[in-house]
Protein chains: 2
Amino acid sequence: MDGREPKEMILILRKIGCDVITQTLDVSDYILSENLAVERKKGGDFSGSLVDNRLFEQLERLKDTFKSCILIIEDFEKMFERPKMKVSSLYGAMNSIAIRLKIPIIPTRNLQDTAICLKRLAIREQINQEGHALARHAPKEMSLEERKCFILEGLFDTGPKIARILVDKFKTPYNLFKAIEKSELTYTKNGNPKGINGPLDTVKGIGFKWLEKNKKLFS
Amino acid sequence: MDGREPKEMILILRKIGCDVITQTLDVSDYILSENLAVERKKGGDFSGSLVDNRLFEQLERLKDTFKSCILIIEDFEKMFERPKMKVSSLYGAMNSIAIRLKIPIIPTRNLQDTAICLKRLAIREQINQEGHALARHAPKEMSLEERKCFILEGLFDTGPKIARILVDKFKTPYNLFKAIEKSELTYTKNGNPKGINGPLDTVKGIGFKWLEKNKKLFS
DNA sequence: CTGTAATCTTTATGA
DNA sequence: TCATAAAGATTACAG
């Protein structure tokens with residue numbers, strides 16, 4: 001973090017388990033990795049630096065220096081205390097930062113919150129590097145039947161209705177997979193989609209497209 | 001704007017010079033152009049929809065529907081009023097929205113401010129025509145690999161990590177089901193759980209309990 | 001989304 | 001080879 005940031009911030013960050021080193025930074029307030037920097041601005045300063053045009057100058061330099069950066073607006077309601085400043089100018093500025101400069105804005109209530117936010121950002125950037133795994137979260141207290149449906153709802157074009165029909169007919173997911181493997185797509189002489197041949201051909205709700213898509217899961 | 005938004009909003013917007021029509025909207029609260037939609041969320045609703053997992057579901061649908069979209073968090077400090085909700089969860093959620101989903105967040109103090117912000121956004125989008133500065137994301141479909149993992153995450157005691165291991169080893173869900181069927185639970189002479197015999201015996205992360213539970217899906 | 005609790009697998013150890 | 005304990009990793013759940 002930049003040495004000119006509040007001394008209290010070091011203490012708070014260390015207290016919540018962050019490793020911090022201070023150093024004079026030219027363009028940002030916090031550097032979380034080679035690629036990610038954070039600019040912290042108090043609400044009051046935001047309107048201040050907007051009037052003398054320092055704000056956008058600063059942010060554009062930030063953007064040129066780091067691959068990605070974030071603007072934290074601390075105590076954001078303070079931004080409106082400057083009486084002469086039009087409210088629409090402030091929102092216009094925020095819109096412009098978010099849309100034109102593409103710099104994400106995170107509002108916080110105070111220094112303490114900013115520290116918490118910085119910690120989360122650091123964890124995301126430095127530790128969680130894992131490619132985002134799509135968490136699927138099952139409603140609790142699921143019966144065996146419900147669990148079977150839940151698995152089948154993972155298939156292409158399969159919601160609760162179709163899943164129920166399939167479990168009723170095939171009893172287990174494994175049986176269904178066997179049925180999908182055995183079922184064949186049929187085509188007309190001209191090569192156009194015709195229908196299904198096999199265990200799945202009589203199932204309501206299952207058609208050519210469904211089978212075509214879900215057969216992909218076997219390759 | 002969506003018809004379920006506060007009636008007062010129509011009045012405020014008209015008063016500050018916006019043309020507004022109301023209509024029932026499926027995925028967003030305000031549509032400013034073919035390409036730009038805005039979701040308005042009150043601070044309290046933000047934390048509320050976070051607990052029951054509706055928040056990200058909603059935002060992801062929004063992102064898939066419009067080229068660009070914006071999240072306005074109205075009266076943002078209210079989000080912290082749920083006493084048992086962890087502050088770090090809230091900032092983590094905002095970070096994720098801003099960074100992973102790349103949806104800009106604009107905080108406002110109240111309904112009036114939201115109206116002002118919407119007007120600025122409308123001017124930028126409809127009049128200034130500064131081009132579509134917001135990134136366009138190709139509608140993302142789950143890849144085949146992801147879909148296979150997704151299905152397997154329906155199994156008992158199976159999260160992203162285990163699902164990935166299983167897909168890497170067995171390639172397809174069907175192969176895994178065959179492997180489960182072939183694998184046998186083994187016991188010591190005293191009848192205590194010992195291990196696994198079969199294709200699954202060498203798989204890291206899979207043990208006696210896992211197989212025992214998931215064999216239930218075959219009955 | 002986070003932090004914690006519960007659960008499971010694996011490794012280590014002694015009999 | 002088995003039983004038990006401790007350690008490490010992952011999943012489940014509440015807020």
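When reading the values below, keep in mind they use all heavy atoms of this one structure, side chains included, and skip hydrogens, waters and symmetry mates. By convention in this document, chain letters (A, B, ...) are assigned in the order of the sequence lines, proteins followed by strands, and residues within each chain are numbered from 1.
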**Prompt:** Between A/T22 and A/G3, which heavy-atom pair has the shortest distance, and what is it?
**Reply:**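 Scanning both residues, the minimum pair turns out to be CB-CA, 4.3 Å.
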Distance, rounded to the nearest Å, where [X] contributes [atom1] and [N] contributes [atom2]:
X	N	atom1	atom2	answer
B/F208	C/dT7	CZ	C1'	15 Å
B/L90	C/dT2	CG	P	10 Å
B/K86	D/dA14	NZ	P	12 Å
B/I97	C/dT2	CD1	P	11 Å
B/F56	C/dC1	CZ	P	5 Å
B/K194	C/dT10	NZ	P	15 Å
A/R136	D/dC13	CZ	P	15 Å
B/I206	D/dG8	CD1	C1'	16 Å

**Request:** May I ask you to decide whether A/E39 forms a salt bridge with A/K63, counting only side-chain N to carboxylate O separations under 4.0 Å?
**Result:**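 Here A/E39 does not pair with A/K63 in a salt bridge, since their nearest N and O are not under 4.0 Å apart.
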Of the candidate nucleotides [options], which contains the atom at the shortest distance from the side chain of [X]?
X	options	result
B/S96	C/dC1, C/dT2, D/dC2	C/dC1
B/A93	C/dC1, D/dA14, D/dC2	C/dC1
B/K213	C/dC1, C/dC8, D/dT10	C/dC8
B/S89	C/dT10, C/dC1, D/dA3	C/dC1
B/L50	C/dT11, C/dC1, C/dC8	C/dC1
B/P160	D/dT11, C/dC1, D/dC2	D/dT11

**Prompt:** Where does the angle between the aromatic ring planes of A/F76 and B/F76 fall among parallel (under 30°), tilted (30 to 60°) and perpendicular (over 60°)?
**Reply:**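 Perpendicular.
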What does [X] touch in the nucleic acid at a heavy-atom separation under 4.0 angstrom: a base, only the sugar-phosphate, or nothing?
X	answer
B/Y91	nothing
A/R120	sugar-phosphate
B/L55	nothing
B/K209	sugar-phosphate
B/I162	sugar-phosphate
B/N190	sugar-phosphate

**Request:** Examine A/R40 relative to A/Y30 and say whether NZ or CZ is less than 6.0 Å from the centre of the six-membered ring and inside a 45° cone about the ring axis.
**Result:**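 Relative to the ring axis of A/Y30, which defines the angle, A/R40 lies outside at least one limit.
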**Message:** Counting only heavy atoms not in A/N110 (residues, nucleotides, ligands), do more than 12 fall under 6.0 Å from its CG?
**Reply:**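 Counting other residues, nucleotides and ligands, CG of A/N110 exceeds 12 neighbours.
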At less than 4.0 Å, is any side-chain N or O atom of [X] found next to OP1 or OP2 of [N]? Yes or no.
X	N	result
B/T188	D/dA3	yes
B/S88	C/dC1	no
B/N192	D/dA3	yes

**Message:** Taking salt bridge (Lys or Arg N to Asp or Glu O under 4.0 Å) as the criterion, tell me which of B/E146, B/E145, B/E153 meets it with B/R164.
**Reply:**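 That would be B/E145; it is the only one of B/E146, B/E145, B/E153 passing the salt bridge (Lys or Arg N to Asp or Glu O under 4.0 Å) with B/R164.
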